[in-house]
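What follows is one structure encoded as structure tokens, with my remarks underneath.
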Number of protein chains: 4
Amino acid sequence: MAGSVNKVILVGNLGKDPEVRRMQNGNPVVNLTVATSDTWRDKGTGERKEKTEWHRVVIFSEGLAKVAEQYLKKGAKVYIEGALQTRKWTDPQGVEKYSTEIVLQGFNSTLTMLDGRAGGGAGGGGGYGGDDMGGDFGSSGPSSAPPQRRVAAPAGGGGRGSDMDDDIPF
Amino acid sequence: MAGSVNKVILVGNLGKDPEVRRMQNGNPVVNLTVATSDTWRDKGTGERKEKTEWHRVVIFSEGLAKVAEQYLKKGAKVYIEGALQTRKWTDPQGVEKYSTEIVLQGFNSTLTMLDGRAGGGAGGGGGYGGDDMGGDFGSSGPSSAPPQRRVAAPAGGGGRGSDMDDDIPF
Amino acid sequence: MAGSVNKVILVGNLGKDPEVRRMQNGNPVVNLTVATSDTWRDKGTGERKEKTEWHRVVIFSEGLAKVAEQYLKKGAKVYIEGALQTRKWTDPQGVEKYSTEIVLQGFNSTLTMLDGRAGGGAGGGGGYGGDDMGGDFGSSGPSSAPPQRRVAAPAGGGGRGSDMDDDIPF
Amino acid sequence: MAGSVNKVILVGNLGKDPEVRRMQNGNPVVNLTVATSDTWRDKGTGERKEKTEWHRVVIFSEGLAKVAEQYLKKGAKVYIEGALQTRKWTDPQGVEKYSTEIVLQGFNSTLTMLDGRAGGGAGGGGGYGGDDMGGDFGSSGPSSAPPQRRVAAPAGGGGRGSDMDDDIPF
DNA sequence: TTTT
DNA sequence: TTTT
């Protein structure tokens, strides 16, 4: 409905290498399996407890999917921002199934690598080759990386003072 | 795992009145069904599209559950902050099922009413009685509402100046 | 740096009508003043306390700025997602000043109206005219609203079953 | 006001070691300086651009402050969740100043270490000693770590089926 | 299946 | 002053 927000923020590790499928036009669609976990100390016994939660992530955003395919490996720590989506499907036996996924698609989706260790896991061939490793990747369509524009000189001012400088903050 | 984040933020409307179950100690556990939706214009036909997503929300936090039970009604607009959790269960026919829910439990869960219209829906009797309607409700355990503490006077200062005043900022 | 996140999420009300400046190309840059507040009960006296926080919001995103200019009025409740930015400037007396603002610019910025009451405030003439009121507005550049694409039929499948249907989830 | 949200989410690195002050009761109040940065490629020249943003973070939450004091060092990568707060103060020359900070205080504040490298910087002695390094630290008051409670057996059921098991999700 |  |  108008006036709604559907946002998921995860920081976790990949349980396995990204799974890549291809759209008919050749664009990649990437599935990630991301683990988060909570740890706490049992109030009664005092022993340490841990519960891992596994998340399905589907990346439709072309730019982010390419990044995921290229740089992410089992074990990589990522920051992910997407939306919840529940799919209903019927299995071959005719049983209805639901699958809830975090979808990265269109604006307001983010994928950020939080370590350079990615790929150290599994049978991982490791090594990226690129010099863009460990970067932030915003989702903004096929080919353009949206710059952090600054307003050059707003006509019709009312500026808050003179001599603005945008560098060192404090 | 250590160093992980599992967070869901929703702004949406209740699809029906809250469902209240009771713990053995009488505390409420509340289930909400929340709708969010995306609207966009089809690139080809130019027609307006809308897709509604339904979310299961489970409130274990005692304070938030009581608030939900007392004030929320079908149609209410809410801000929700919780964590993703997928439960696996087996139905009476022996079929394995998964259900992914947004869980409000412990710290870092939030439930905030965003309108005063709540209860205008369904067969809703409406009317709250309380004067607390439309408030923010932080999740911080059974009985204490965590105050927004201000540091009174940090010993061993190094204060940044004199004459701090905390009122109107700009 | 690579691997960083800078995100602000606000739900609050406009303290006054949007302030609109113009870029040299005529595009609007909109400033909002948004109030949020915390309420709590004093632990000692038991009295109700409230503290209002005021936020400066600057909208560079062309699409969001137009929406803000057109639909928002004093009193409107909004959901805002942007990034923190601190500007340093020197006032006419040569005193250095800092101003921290929530910037909506590029991808991952959001502005969503959360009520239809917008404009009920101040000297607000109110009334929008548009039929798009109360909508979600994603920031995705000048002219295209990013559709919620669904993968049509990924070539090289490994699909999870047959008979997927995307409608009512539970 | 009722129905508002004031939330900041940062993933960044400490620019220097935490600064610790003491409350009159001996509790620590910790100040962090956190850097985030955006990188993009200039549309015109094609050159790589980077802009770093510095954030002041103040930790009043007793538990989080202790963790910060104990484990964080210059260079550490952290996930932070807090609220925006602008303080007004008057400097010794009588000039009004504003300072906007991210405050971690009460519920809904989070501090999570995202690397184990923390402390590798500055004159850092490094080494933590503790075995809790790299953990999640929720803000929930002085001494109790809030467990991830599960509802044991809600009285007055309406359960969704039989044989619930909470382990492997998919 | 990850991570600490 | 961080980080890549």
Side-chain angles (χ1 to χ4, degrees), chain A residues 10-19 31-39 48-57 71-78 80 112-124 128 130-137 167-170, chain B residues 1-6, chain C residues 1-6, chain D residues 10-19 31-39 48-57 71-78 80 112-124 128 130-137 167-170:
Chain A
L10 299 179
V11 174
N13 296 275
L14 299 207
K16 50 181 171 179
D17 287 350
E19 296 166 338
N31 284 263
L32 304 179
T33 299
V34 176
T36 59
S37 94
D38 285 293
T39 53
R48 192 189 192 68
K49 299 279 195 177
E50 177 165 11
K51 182 170 184 299
T52 296
E53 191 68 34
W54 289 97
H55 310 269
R56 290 183 185 281
V57 175
Y71 297 119
L72 296 183
K73 294 285 180 194
K74 178 179 179 178
K77 175 159 287 190
V78 289
I80 280 174
T112 302
M113 290 179 56
L114 294 178
D115 56 12
R117 291 174 296 137
Y128 307 138
D131 60 350
D132 252 345
M133 216 186 78
D136 299 318
F137 310 104
D167 33 71
I168 324 97
F170 56 79
Chain B
M1 89 253 0
S4 72
V5 173
N6 174 2
Chain C
M1 89 247 9
S4 72
V5 174
N6 173 2
Chain D
L10 299 179
V11 174
N13 297 273
L14 300 206
K16 50 181 171 179
D17 288 351
E19 295 166 338
N31 283 264
L32 305 179
T33 299
V34 176
T36 60
S37 95
D38 285 293
T39 53
R48 194 191 190 68
K49 299 281 195 176
E50 176 165 10
K51 184 170 183 300
T52 296
E53 191 66 34
W54 290 97
H55 310 270
R56 290 183 184 281
V57 175
Y71 297 117
L72 296 183
K73 294 285 179 196
K74 179 179 178 177
K77 175 159 285 190
V78 291
I80 280 175
T112 303
M113 291 178 57
L114 294 178
D115 55 11
R117 289 173 298 136
Y128 308 138
D131 61 349
D132 253 344
M133 216 186 79
D136 299 318
F137 311 104
D167 32 70
I168 322 97
F170 55 81

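Naming convention: chains lettered A, B, ... in sequence-line order (proteins, then strands); numbering from 1 in each chain.
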* Asked: Considering only heavy atoms from C-beta outward, does the side chain of D/Leu32 approach that of D/Ile80 to under 4.5 Å?
  -> yes

* Asked: For the residue pair A/Asp115 and A/Lys77, what are the closest heavy atoms and their distance?
  -> OD2-N, 3.1 Å

* Structure fact -> From NZ of D/Lys77 across to C1' of F/dT2 the rounded distance in Å is 10 Å

* Rounded interatomic separation in angstrom, taking NZ from A/Lys74 and P from E/dT2 -> 5 Å

* Please report, rounded to the nearest Å, how far the P atom of F/dT2 is from the CG atom of D/Asp115. => 15 Å

* Taking CD from A/Glu50 and P from E/dT2, how many angstroms apart are they, rounded to a whole number? -> 12 Å

* **A/Leu32 CG - E/dT1 C1' separation (whole Å)** => 13 Å

* To do: Mind calculating the distance between CD1 (A/Ile80) and P (E/dT3) to the nearest angstrom?
  => 15 Å

* **Nearest atoms (heavy-atom pairs only) where A/Thr36 meets A/Val11** => CG2-O, 3.5 Å

* Structure fact -> Ranking F/dT2, F/dT1, E/dT1 by distance to the side chain of A/Lys16, first place goes to E/dT1

* Asked: Looking only at N and O atoms, is any donor in the side chain of C/Ser4 or the base of F/dT3 less than 3.5 Å from an acceptor on the other one?
  -> no

* Measure from CG on D/Leu114 to P on E/dT4 and round the result to the nearest Å. => 12 Å

* Asked: With stacking defined as ring centroids separated by under 5.5 Å and planes differing by under 30°, is A/Trp54 stacked against E/dT1?
  -> yes

* To do: Starting at atom CE of D/Met113, determine the distance to atom C1' of F/dT2, rounded to an integer number of angstrom.
  => 15 Å

* What residues, two or more places apart in sequence or in another chain, satisfy side chain to side chain donor-acceptor pair (under 3.5 Å) together with D/Lys49? -> none

* Asked: Do A/Thr33 and E/dT1 share a donor-acceptor pair, side chain to base, under 3.5 Å?
  -> no

